[in-house]
Each structure stands twice: as structure tokens, then as C-alpha cells.
Amino acid sequence: MRVLKYFRAPSSLRHRSSPMAQFLRRFSSSPMANEDEFQSPVEPSQQQSQDCVSESYLIGFVIANIVGLKYYSGRINGREMVGLVREPLNVYDNNAIRVLNTRSEQVGHIERTVAAVLAPMIDSHTIVVEGIVPNTRSNSNRYRIPCQIHVFAKLEASSTVKSTISRGGLVLISESDTSFGLSEAVVVKEQMGNGDKRSVDKIFKLVDENVKLMGKLVAAEPPREVIKSELFAHQKEGLGWLLHREKSGELPPFWEEKDGEFLNTLTNYRSDKRPDPLRGGVFADDMGLGKTLTLLSLIAFDRYGNASTSTPTEEPLDGEGDKIEKKGKKRGRGKSSESVTRKKLKTDDVVGMNVSQKTTLIVCPPSVISAWITQLEEHTVPGILKVYMYHGGERTDDVNELMKYDIVLTTYGTLAVEESWEDSPVKKMEWLRIILDEAHTIKNANAQQSRVVCKLKASRRWAVTGTPIQNGSFDLYSLMAFLRFEPFSIKSYWQSLIQRPLGQGNKKGLSRLQVLMATISLRRTKEKSLIGLPPKTVETCYVELSPEERQLYDHMEGEAKGVVQNLINNGSLMRNYSTVLSIILRLRQLCDDMSLCPPELRSFTTSTSVEDVTDKPELLQKLVAALQDGEDFDCPICISPPTNIIITRCAHIFCRACILQTLQRSKPLCPLCRGSLTQSDLYNAPPPPPDSSNTDGEDAKSSTKSSKVSALLSLLMASRQENPNTKSVVFSQFRKMLLLLETPLKAAGFTILRLDGAMTVKKRTQVIGEFGNPELTGPVVLLASLKASGTGINLTAASRVYLFDPWWNPAVEEQAMDRIHRIGQKQEVKMIRMIARNSIEERVLELQQKKKNLANEAFKRRQKKDEREVNVEDVVALMSL
DNA sequence: ACCGCCGGGTGCC
DNA sequence: ACCGCCGGGTGCC
């Protein structure tokens with residue numbers, strides 16, 4: 001019987017999997033022997049649409065044994081997900097289903113009786129399966145372990161699937177018995193409409209934010225011996241990122257180290273073997289930002305390199321030292337025949353570092369080859385980087401020949417042709433690095449090219465593309481497979497961890513994808529990049545308070561310190577968070593102008609007791625009123641100026657509709673601080689004073705100019721003297737301050753425009769248009785609230801920016817500057833921060849710096865969920881207690 | 001004995 | 001695998 005089966009195998013395959021070959025593979029522990037165990041990203045039979053995944057729902061699960069454990073090195077601990085991969089070319093059973101662990105190591109097979117039922121349905125895309133191993137402790141059999149196979153199918157196919165499974169003699173444990181399954185299916189269906197497309201736009205959101213907020217990008221200079229062109233700032237930052245990704249020894253995303261063990265938090269895989277760091281990633285800058293030059297700069301380091309730059313220094317390169325070292329003879333011949341002097345080579349040899357392979361393989365579409373050549377000629381010192389064209393006509397079949405070059409250029413087509421050529425030198429070579437240019441061409445639809453590049457051997461892998469996602473997030477799967485980013489490089493894991501949750505509108509899918517891309521990819525868009533912009537300078541202008549202001553400020557600060565110290569002493573600081581914020585707010589307002597803080601609010605001790613305001617709604621209302629005419633803010637849910645303002649017990653502010661909807665939909669928690677929150681914790685804000693601008697105007701007239709206002713005025717006048725046509729923007733976070741500024745500036749002869757959160761969208765665009773209008777000449781000042789100037793607003797008509805008060809968050813300040821310093825800006829830009837001396841404002845600056853540093857040194861710790869914008873420690877620093 | 005039964009060899013697909 | 005299954009050895013009580 002067994003003999004018969006053996007002969008049924010296609011003869012073309014027999015040599016690959018002859019019993020002897022199997023025997024060798026089984027009992028050889030050499031890593032090389034596992035090379036052909038590597039899973040290609042696309043099984044030949046599964047190339048078509050992946051859409052079925054998103055419309056599927058869980059029909060139920062069957063229990064099946066994973067068998068053959070003793071023949072494979074992959075281990076599992078139980079309570080973890082496994083990858084199920086069809087193996088149609090298995091000689092013993094074309095229904096075979098392989099079981100892989102998080103590390104892509106094979107654990108075993110699904111027992112054949114079960115595979116026989118499931119495999120045909122998998123192949124016809126009728127079902128999708130996911131495997132979970134419940135627990136191995138109770139059932140510690142060395143030869144087989146049970147596994148839950150979850151079966152997903154389209155709603156309309158479910159009855160067929162169910163009967164096929166039971167006819168095959170399997171027991172389907174179905175949740176629809178409890179009527180839960182079906183209702184879930186309906187929900188899933190409804191959410192389908194806006195599933196993938198909209199999410200895709202968000203995938204890279206975190207990438208941007210991460211880069212911006214964490215300031216992770218550290219510029220690096222390419223070696224001058226190789227690269228003769230000066231890089232743009234964003235290219236230097238890109239280079240710094242590439243270097244960082246290649247050298248960093250940090251754990252890949254979703255891995256944690258826990259008492260010497262390494263845990264994959266998504267699959268629950270545990271092992272004491274450290275997962276390899278991901279040396280490489282997705283370089284996804286927009287087209288036209290100079291990715292090619294940046295990559296050439298990276299390659300230049302292989303030759304003249306080293307980190308005499310500002311790049312972070314990390315662990316030594318190459319964890320695969322042993323493996324490659326064994327092939328010493330190859331390296332010797334390849335490199336010593338090169339006569340070019342290499343300073344770095346020596347150093348490396350002394351340190352004992354592995355330098356065996358310095359060749360980078362670049363794969364690109366044929367049309368792009370000439371671009372690489374042009375860039376090489378244009379930007380590199382002639383004769384330094386040696387390039388071999390492995391494309392077209394005559395190509396060497398000698399690996400050693402290829403090793404002589406720094407760069408081997410080839411095309412996807414060439415590789416595809418060589419797929420079946422065993423002795424292809426490109427396939428035999430162990431590259432230092434592989435760069436897939438225009439990597440989106442290997443997306444899932446192009447199975448052959450995907451397969452080929454995935455099998456290439458290299459310790460650093462880069463996917464380079466300006467359009468990482470064309471047909472949906474599934475495109476990214478091909479890149480993961482190429483990067484060998486475990487476990488996502490196994491389709492089954494990708495599907496269950498990312499694709500299915502995403503398709504079902506499950507937040508986990510998107511957030512996982514965001515985290516994933518944030519750590520392994522870099523994407524800057526053309527719009528945000530700063531190519532060829534005139535320089536910008538940032539200055540700080542310190543303002544001395546007048547004696548009168550000083551006296552009031554010192555008095556208030558003294559009082560504030562007392563109040564806060566009291567709260568700290570009796571441990572109720574955080575319970576009185578709202579009080580503290582309003583105290584700090586008052587102090588900050590005083591630095592701008594005393595009239596921001598009306599006389600009745602000039603004492604903290606009278607109106608604010610030690611008890612929290614939350615127990616006194618009338619005080620809360622006062623706070624609301626103060627906030628409302630004071631700080632400019634957005635509803636964090638809809639990210640626009642709030643309508644029908646609601647303030648919560650925990651002092652967060654939302655639109656009425658937004659927060660009510662949120663509370664209804666999810667748990668009764670505040671979306672910002674996650675404190676418990678019910679409808680009774682919501683307080684209405686009093687209706688906004690409709691003619692506030694009129695009364696404010698009167699106020700301004702009656703009061704004299706504050707020190708800061710005077711300082712601003714003289715700065716503006718000095719700039720006007722220099723160039724009467726300079727347009728300026730003044731940002732303040734206090735709406736009232738912007739109103740106060742109008743009168744004195746008008747009086748000094750400036751044309752005033754105003755942009756604030758209370759304006760309609762239409763009005764705002766009108767103001768911005770007017771400000772940018774070249775016919776509006778003379779000294780023009782735009783008084784703007786930053787939050788009102790949403791993203792994408794263009795204020796490049798201005799060349800001076802005044803930040804009238806400092807923001808907590810340095811990124812917000814940066815955003816403000818970006819409105820002016822962006823593409824289209826023709827003049828040099830000067831930014832001036834206005835800071836009151838010896839005041840809380842100086843400490844806000846320090847806080848800014850601290851936050852920046854924190855982000856720099858520990859960017860991997862993304863902001864903790866409960867971290868407030870300002871914490872206890874910050875309060876202590878701000879109050880200089 | 002074209003059976004039953006014994007006990008060794010063996011073990012994924 | 002302290003199992004099941006296979007197939008050879010064996011054969012009254």
C-alpha cells in the first residue's frame with residue numbers, strides 16, 4: 001500500500017523528497033539543511049483573491065492531532081497559535097497540512113484523516129483555517145498533540161462546509177448552537193462595507209506620528225570617500241534610520257523578554273532562544289524624496305564605514321557570524337583578490353568581526369536599472385563602488401565572481417527565469433543585503449516573483465517602495481514574507497493576526513498593523529518633506545515682566561505652590577487634577593497678560609478649597625468657563641472644536657454627542673484617562689457668551705499693554721522696518737489673547753487677520769486665502785490659534801512666526817512651524833518663542849525638552865496607555881516644588 | 001491454518 | 001507508544 005503511494009508522486013519531484021533526502025533532512029541539525037524548509041509566501045494553488053477571508057465567519061472548530069512531532073525541531077508550549085500551511089506537493093499525501101510555530105519552524109502535520117477532509121476545502125478557498133494548541137501540560141504526549149482547528153467560511157457556504165466536515169467523520173464543535181455565532185456573522189457582514197479601504201489610509205498614521213513625536217530619526221552623514229553629493233536633511237535622517245535598523249539588536253515588535261524567556265505577545269509562543277532582530281524593513285518614502293541616493297549612502301558604509309556619524313551605536317553586526325565564518329575559503333578568495341584598499345576591513349579583522357560578505361543585491365524592474373546607474377554616476381566618487389549588471393545577455397555563473405562587487409543589480413524577471421536553475425549564482429550567494437526596489441511589484445498576485453525573492457539568502461533585507469499598499473493591506477503580507485518577519489511571514493499567521501481582524505472591523509487588526517509598520521517602516525510623504533526649503537531659525541525671546549506684573553505673578557505663584565504642596569502632602573494631587581490644571585493655566589495666562597485673568601480669579605485659596613471641584617458642580621462650571629474663553633482645544637473624539645461642550649468629572653472635555661455616543665457604544669470609561677465615567681459624571685458647559693469679542697475689546701482698551709505684548713510689538717516693528725511687506729503669524733493657545741492683541745497691533749498700523757476655533761470652516765479658508773493673497777501687501781499679522789489651523793493649512797505667505805506662549809507638547813509647536821515652513825516657502829523663516837523670564841513658562845520649556853529626550857532615548861516604549869500629558873512629576877517641576 | 005493467537009517491530013505526512 | 005497496527009511465526013491439551 002505504502003509503496004503504491006510512493007509511486008504516485010510526480011516523478012519530477014522525487015529527487016527532492018526521496019526517502020534518503022528526507023532521512024538526511026530529518027537527522028541533520030545544520031541550519032543549512034533547513035533552507036528548503038523555508039516557506040514560500042504563496043502556495044501555488046492559492047494565488048487568487050483573498051477577499052474571502054474578510055467575509056468569513058467562524059463556523060466552529062474541529063480537534064485534530066498534530067502528528068510527527070519527533071521528526072521536526074519546532075516546539076510549542078501550548079496555549080498558543082500555530083500556522084497551518086497546505087503542502088500539496090507532499091509525496092506521501094497531497095492533502096498534507098504542515099503545522100508551524102511562531103518561528104516558522106515546522107512542528108508536525110495535521111493527521112491525515114482530518115487533512116483529507118479540510119485540504120480540498122482550503123484549496124478551493126471555501127474555508128480558511130487557523131490553529132490553536134490549547135494546552136500541552138495535561139496531554140504531554142511526545143508524539144502527537146491535539147490542536148483546535150478553527151474553520152472560517154462565507155455565510156452562504158456554511159451549511160455545505162458543515163455537512164462536508166461531518167460526512168468526513170469529523171466532529172465540528174459549533175458555536176452557532178448557542179445562537180451566538182450567527183448573530184456575530186450578521187454583524188461582521190454589516191461592517192464589511194467600510195472595512196479595508198478606509199483602514200489602509202490609517203496604517204501609516206502611526207509611522208508618521210512615531211517619527212514626529214518620538215523624534216526617532218537621527219541624521220547620519222554618508223562617508224565622503226564614496227558619496228560626493230550633499231544629502232538633504234530628510235535623506236540624512238532616512239540614512240540614520242536605515243543604519244539604525246541594520247545595527248539594532250532590539251527585539252522585533254510583539255516580542256517581550258521575561259525572566260530569560262522570550263514571549264511573542266500575539267501568538268503566545270515562548271522560548272529561551274532570542275528571536276533574531278529584524279535587520280531591515282520597509283523603506284516607503286514617497287517617490288521623489290531620493291530613496292535611491294539614501295540607499296547608496298547606506299551601501300557606502302559597507303566600504304568606508306563606520307559610525308563616526310551621529311548614528312546610535314549598538315550591538316555588533318551580524319548574528320550569523322558562525323555560519324558564514326565556516327565558508328571562509330570562499331570569502332578569502334573573493335575578497336583578497338580585490339586590490340582596493342579598505343581601511344575598515346583591517347579594523348574588522350582585528351576585532352574579529354565578520355566581513356566575509358560585502359555585496360548588496362539590488363532587485364528592481366528593468367525600467368529602474370538606468371535610474372540606479374544615473375544616481376551612481378551622479379552621486380558617488382567614480383570607481384569606488386563596483387557594480388555588476390546581472391541582467392540580460394551574458395551573466396556569470398560564478399558566485400565568487402559576484403562577490404567581487406559592491407553591488408549586483410538584477411531584475412525580478414531575471415530571477416524568475418532562474419527560479420528553476422539550481423546553480424544560479426544569485427540563489428547560491430549569501431548576500432550581505434538585499435534591496436527590493438519598487439517592492440510592491442512582488443505583491444501577492446505575482447506569485448513567482450514573490451517566491452523567488454523570498455528564498456534569496458541575506459542577513460539584511462529591505463523592501464523599498466513608494467506605494468506600499470496598492471490593493472489593500474494584503475499587499476504588505478508579501479513584504480513580510482520577503483523580510484522573513486516571523487510569524488507574519490507565514491500567511492496563516494498573517495491572516496489570523498492581521499487580515500481577518502482588519503476585515504471584520506476589529507480594532508486589534510488595525511492597531512497591530514500600525515504598531516508593526518511603525519517599527520519596521522519609514523514613510524515620509526512628499527508634502528511633509530522639506531526638500532529645498534529655505535532655512536528656518538528658531539529663537540527664544542525672553543521677556544521681563546513689569547514690576548506690577550511681577551508682583552501679581554509672584555503672589556499667585558506663591559499661593560499656587562501652597563495649594564499644590566498641600567494636595568501633594570495629603571496625597572490627593574491626581575484626584576484634584578482638574579484643579580491643578582486650572583491653577584497652572586492661570587499662571588500661564590498671567591505670563592501673557594494680566595487681563596486674561598480677571599480680578600475675581602486672582603486668588604486660588606479663596607475659591608478653590610482642597611476638595612476636588614468634582615464635588616462642586618458650580619466650581620466645575622467656573623472651570624469650564626475659564627477653559628472655554630481660555631485655552632483652545634478640540635474634542636478628542638471628533639478632533640474638531642467641540643459643540644455643546646461637556647466636561648467630565650475627570651476634567652476632560654468633549655462634544656456632547658461624541659461622549660454620549662462613546663459611552664453608549666463601549667464601556668463606561670473616559671476615553672482619555674480611562675477612569676470610570678457614567679452620564680452622571682458629565683457636566684454641561686454654560687452657553688458661550690455670544691458677544692464675547694465685544695466685551696473683550698473693551699477690556700483690552702481699558703488695560704495697558706502687557707510686557708509681552710509690548711515685546712511682540714517691538715519685534716514686529718523691527719521686522720517691519722527691515723521689510724515692510726513681511727507677513728507674520730502669531731500663535732497663542734488662548735483665544736482671548738488673540739483678541740487682546742488686535743487693538744494694539746491695529747493701532748501700530750498692522751493689518752490684522754484672525755483665525756480661531758470658533759470660526760466656521762468656510763470663514764477659516766476665507767481668512768487663509770486672504771492672508772496668502774499676494775495683493776494684500778504691507779505689514780500683515782495673522783493672529784492664529786493653532787488648533788484651529790488644522791493639518792494641511794498653508795501659511796507659507798508668512799516668513800515670521802511668533803509663538804506667544806509655549807505648548808506642553810513640543811510636537812504641537814513643531815506642527816505650528818510646519819504650517820509656515822513647508823513646500824512653497826520661498827523666504828527664510830524665523831520663528832520666535834516668547835517666554836516670560838523667571839516664570840512657569842521657562843519650566844514649560846524644560847518640560848518640553850525633557851519630553852523630547854525621553855522620546856529619543858526610549859522610543860521603543862511607546863506612550864503608555866494611562867500616561868497623562870502632564871503627570872505628578874511634571875507638576876512638581878512646573879511649580880518648582 | 002484460505003483460520004486465531006502470540007509477540008516483536010514499529011510509529012507523520 | 002504503558003498504545004494500535006502490521007505481518008511473520010505458529011498451531012491440542
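A quick note: this is a predicted structure, and the numbers were derived from the prediction, not measured. When reading the values below, keep in mind they use all heavy atoms of this one structure, side chains included, and skip hydrogens, waters and symmetry mates. Quick note on labels: first sequence line is chain A, next is B, and so on, each numbered from 1.
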(request) Describe the nucleic acid contact of A/I110 in one word from base, sugar-phosphate, nothing, applying a heavy-atom distance below 4.0 Å. (result) sugar-phosphate
(request) Report yes if the ring of A/Y71 lies under 5.5 Å from the six-membered base ring of B/dC12 with planes under 30°, and no otherwise. (result) yes
(message) Work out how far the C1' atom of C/dG4 is from that of B/dG11, and round it to whole angstrom.
(response) 10 Å
(message) Using whole Å, what does the distance between atom P of nucleotide B/dC12 and atom CD of A/E87 come to?
(response) 14 Å
(request) Nearest whole angstrom, please: distance from the P of B/dC13 to the CG of A/L100. (result) 17 Å
(request) Tell which nucleotide pairs with B/dC3, taking only Watson-Crick or G-U wobble pairs whose two distances are both under 3.5 angstrom. (result) C/dG11
(request) Provide, to the nearest angstrom, the distance between the NZ atom belonging to A/K70 and the C1' atom belonging to B/dT10. (result) 9 Å
(request) Using only heavy-atom distances, decide whether a donor-acceptor pair under 3.5 angstrom links the side-chain of A/N90 to the base of B/dC13. (result) yes
(request) Check whether any side-chain nitrogen or oxygen of A/Y143 sits under 4.0 Å from OP1 or OP2 of B/dG11, and answer yes or no. (result) no
(message) If I take atom CZ in residue A/R112 and atom P in nucleotide C/dC5, what distance separates them, rounded to the nearest angstrom?
(response) 15 Å
(message) If I pick the C1' atom on B/dC5 and the same atom on B/dA1, what distance separates them, to the nearest angstrom?
(response) 12 Å
(request) Please state whether the base of B/dC12 and the side chain of A/Y72 form at least one donor-acceptor pair under 3.5 Å? (result) yes
(message) Using the side chain to side chain donor-acceptor pair (under 3.5 Å) criterion, which residues pair with A/S124? Sequence neighbours excluded.
(response) A/T126
(request) Consider only side-chain N and O atoms of A/S478 and A/S450, and report whether a donor and an acceptor are under 3.5 Å apart. (result) no
(message) Nearest 0.5 angstrom please: A/F283 CZ to A/L436 CG, how far?
(response) 14.0 Å
(request) For C/dC12 and B/dC3, measure between their C1' atoms and round to the nearest Å. (result) 15 Å
(message) Expressed as a whole number of angstroms, how long is the span from A/N65:CG to B/dC13:C1'?
(response) 14 Å
(message) In this structure, how many angstroms lie between the C1' atom of C/dC3 and the CZ atom of A/R144, rounded?
(response) 10 Å
(request) Quick one: list whatever passes side-chain contact (heavy atoms from CB on, under 4.5 Å) with A/E261, sequence neighbours left out. (result) A/R270
(message) Whole angstroms only, please: what is the CD1-C1' distance between A/I66 and B/dC12?
(response) 12 Å
(message) Could you tell me how far apart A/N95 (CG) and B/dC13 (P) are, to the nearest whole angstrom?
(response) 12 Å
(request) Would you please classify the geometry between the A/W494 ring and the A/F488 ring as parallel, tilted or perpendicular, with 30° and 60° separating the classes? (result) perpendicular
